[in-house]
Amino acid sequence: MSQLFTPARTRGFLRATAAAVALSSVLLTTNCGAAGESGGDAKATAAVPAGFPVTVDNCGVRTTCDRPPSRVVTIHQHPAELMLALGLKDRMVGTAFPDSAVLPELKEDYEAVPELARKEPSFEKVLDAEPDFVYGGYGSAFAEKEGRSRTAFADAGIDTYLNREYCGKKKVTMEDTYDEVRTIGKIFGVADRADKLVTDLKSRVGRAAGKVEGEPDVPVFVYDSGDKAAFTAGGKSLGTELIRLAGGENVFADLDDVFGDVSWEQVIERRPEVIAVYDYAGAGSVEQKKRFLLSQPALADVPAVRNKRFVVLPLTATLVGIRSAYAVDDLARGLHPESFR
């Protein structure tokens, strides 16, 4: 295999979570609203909604919110999209690290939020936005070695929340997505919106799954990146459940991890009929990945390669966030196109 891609970014975000969840052994207690109170923010002094105070335990950090956060920075795209889907644009003072094209219905609102950095912003850059709350998507949002630990933010009077996918729980499911939406809705005092959004997401998944009900499962290989070996989604990934709901079967569902390396010989042996290509910056474009797979003589007889059957998924669609429900529909259409005619 020729050397084209290295999954460095994915390895950093999806494998190395130890630093991000280091606080799991020591409970850090914080209080929402401290930064807003000291800054005299008008929203912070507004009437407190019913249901507060709210206490949330998240990756070893216990936060009590006396009022909803009013100045929020999101680090990574999927927390930003979740916030926007809950109608919380007016609470957002900055976002960072866009992964892929934003959902069309959220594009205008997303572009209205100041972008602090193309990747993770520095601690100082976040402070410049004067947030009272920081919501991180990947574990790297709170990388201690880069000065962005949750303790550092707490010491600055800023509360934090980390996507539950990075709290050390190995297996990720759609229930994690629904729980994430409800938790964010609770923190921001919009539980009714969160319940409605969960209902909408479940309906979206149900419609797609219903279309392919009774169809034979299609063997699917997830290609994230890699050349000497294939970096793929394992049985504990949300991707595996998305494939199942869409009428497929992850050929590496027996890989006992969220992500991992497999050999190309294993890919050949398992004869996938469809390849799900994960799309994100830093590991080659989708077209480069397709050209790589199609150019390898050893893969020529793999049914998915021979028939050029690819389904492209933004990486953000395979994470705990609102995109995962959309991914089920995209996958189902790619695996069982006849069911959607």
Side-chain angles (χ1 to χ4, degrees), residues 31-33 35-36 41-59 63-95 98-99 102-114 131-137 141 159-165 167 172-208 238 314 316-317 319-329:
N31 191 71
C32 277
D41 189 277
K43 291 180 182 176
T45 59
V48 179
F52 281 79
V54 165
T55 297
V56 174
D57 290 325
N58 167 244
C59 302
T63 302
T64 297
C65 296
D66 294 325
R67 59 179 57 82
S70 60
R71 294 183 60 85
V72 184
V73 166
T74 57
I75 302 178
H76 304 117
Q77 185 175 327
H78 48 302
E81 289 190 329
L82 197 160
M83 291 276 294
L84 293 173
L86 286 172
L88 296 170
K89 182 185 73 170
D90 62 331
R91 316 279 185 94
M92 298 172 68
V93 296
T95 189
D99 262 317
V102 178
L103 283 172
E105 59 265 39
L106 301 178
K107 187 174 185 292
E108 183 176 351
D109 284 348
Y110 186 89
E111 291 176 349
V113 180
D132 57 7
F133 195 88
V134 178
Y135 180 11
D159 293 293
T160 57
Y161 184 91
L162 177 62
N163 186 293
R164 68 188 55 236
E165 190 164 351
C167 289
V172 187
T173 71
M174 282 298 295
E175 284 304 315
D176 290 298
T177 286
Y178 305 141
D179 288 344
E180 183 85 355
V181 172
R182 291 191 185 100
T183 300
I184 297 301
K186 181 180 178 183
I187 290 172
F188 286 89
V190 291
D192 54 341
R193 298 184 203 171
D195 288 340
K196 182 179 185 301
L197 179 56
V198 168
T199 298
D200 290 345
L201 295 175
K202 285 185 174 182
S203 296
R204 182 179 290 273
V205 171
R207 288 194 299 272
L238 180 57
T316 48
L319 305 170
V320 170
I322 63 168
R323 286 285 191 100
S324 51
Y326 291 72
V328 175
D329 184 76

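- Between Val93 and Val73, the closest side-chain pair of non-hydrogen atoms falls below 4.5 Å.
- The nearest pair of heavy atoms linking Leu86 to Gly185 is CD1-N, 4.1 Å.
- In plain terms, the two heavy atoms of Ala112 and Lys89 that are nearest each other are CB-CD, 4.3 Å.
- Considering all non-hydrogen atoms of both residues, Arg323 and Pro314 come closest at NH1-CG, 3.7 Å.
- For the side-chain contact (heavy atoms from CB on, under 4.5 Å) test with Pro69, the passing option among Asp132, Asp159, Leu88 is Asp132; the others fail.
- Between the Asn58 side chain and the Leu162 main chain, a donor and an acceptor come within less than 3.5 Å of each other.
- Between Pro53 and Asp66, some side-chain heavy-atom pair lies under the 4.5 Å cut-off.
- For Met83 against Ile184, the heavy-atom pair with the smallest separation is SD-CG2, 4.1 Å.
- Across Val198, Asp200, Asp192, a single residue satisfies side-chain contact (heavy atoms from CB on, under 4.5 Å) together with Lys196, and that is Asp200.
- Between the Asn163 side chain and the Val320 main chain, a donor and an acceptor come within less than 3.5 Å of each other.
- Note: Ile187 CD1 to Phe52 CZ = 8.5 Å, rounded to the nearest 0.5 Å.
- One N or O on the side chain of Glu81 and one on the backbone of Leu103 form a donor-acceptor pair closer than 3.5 Å.
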Evaluate the criterion side-chain contact (heavy atoms from CB on, under 4.5 Å) for residue pair Val102 and Gln77; output intermediate values, then yes/no. CA-CA 8 Å; Val102 178; Gln77 185 175 327; 3.9 Å; yes
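- Under the 30°/60° scheme for interplanar angles, the aromatic rings of Tyr161 and Tyr135 are found to stand perpendicular.
- The minimum heavy-atom distance between Ala317 and Ala327, with the atom names listed, is O-CB, 3.5 Å.
- A distance of 10.0 Å separates CZ of Arg182 from CG of Leu197, quoted to the nearest 0.5 Å.
- Residues Leu238 and Asp176 have side chains not in contact (no heavy-atom distance under 4.5 Å, counting atoms from C-beta outward).
- Closest approach of Gly136 and Pro79 over heavy atoms only: C-CG, 3.8 Å.
- Atom NZ of Lys202 is surrounded by more than 12 heavy atoms from other residues, nucleotides or ligands within 6.0 Å.
- For Glu180 (side chain) and Arg164 (main-chain N/O), a donor-acceptor pair under 3.5 Å exists by modelled atom type.
- Side-chain atoms of Glu165 and Leu319, non-hydrogen and from C-beta on, do get closer than 4.5 Å to each other.
- Tested against Ser324, the residues Thr173, Thr177, Thr316 include a single side chain to side chain donor-acceptor pair (under 3.5 Å) partner, Thr177.
- Side-chain contact check for Leu84 versus Met92: some heavy-atom pair is nearer than 4.5 Å.
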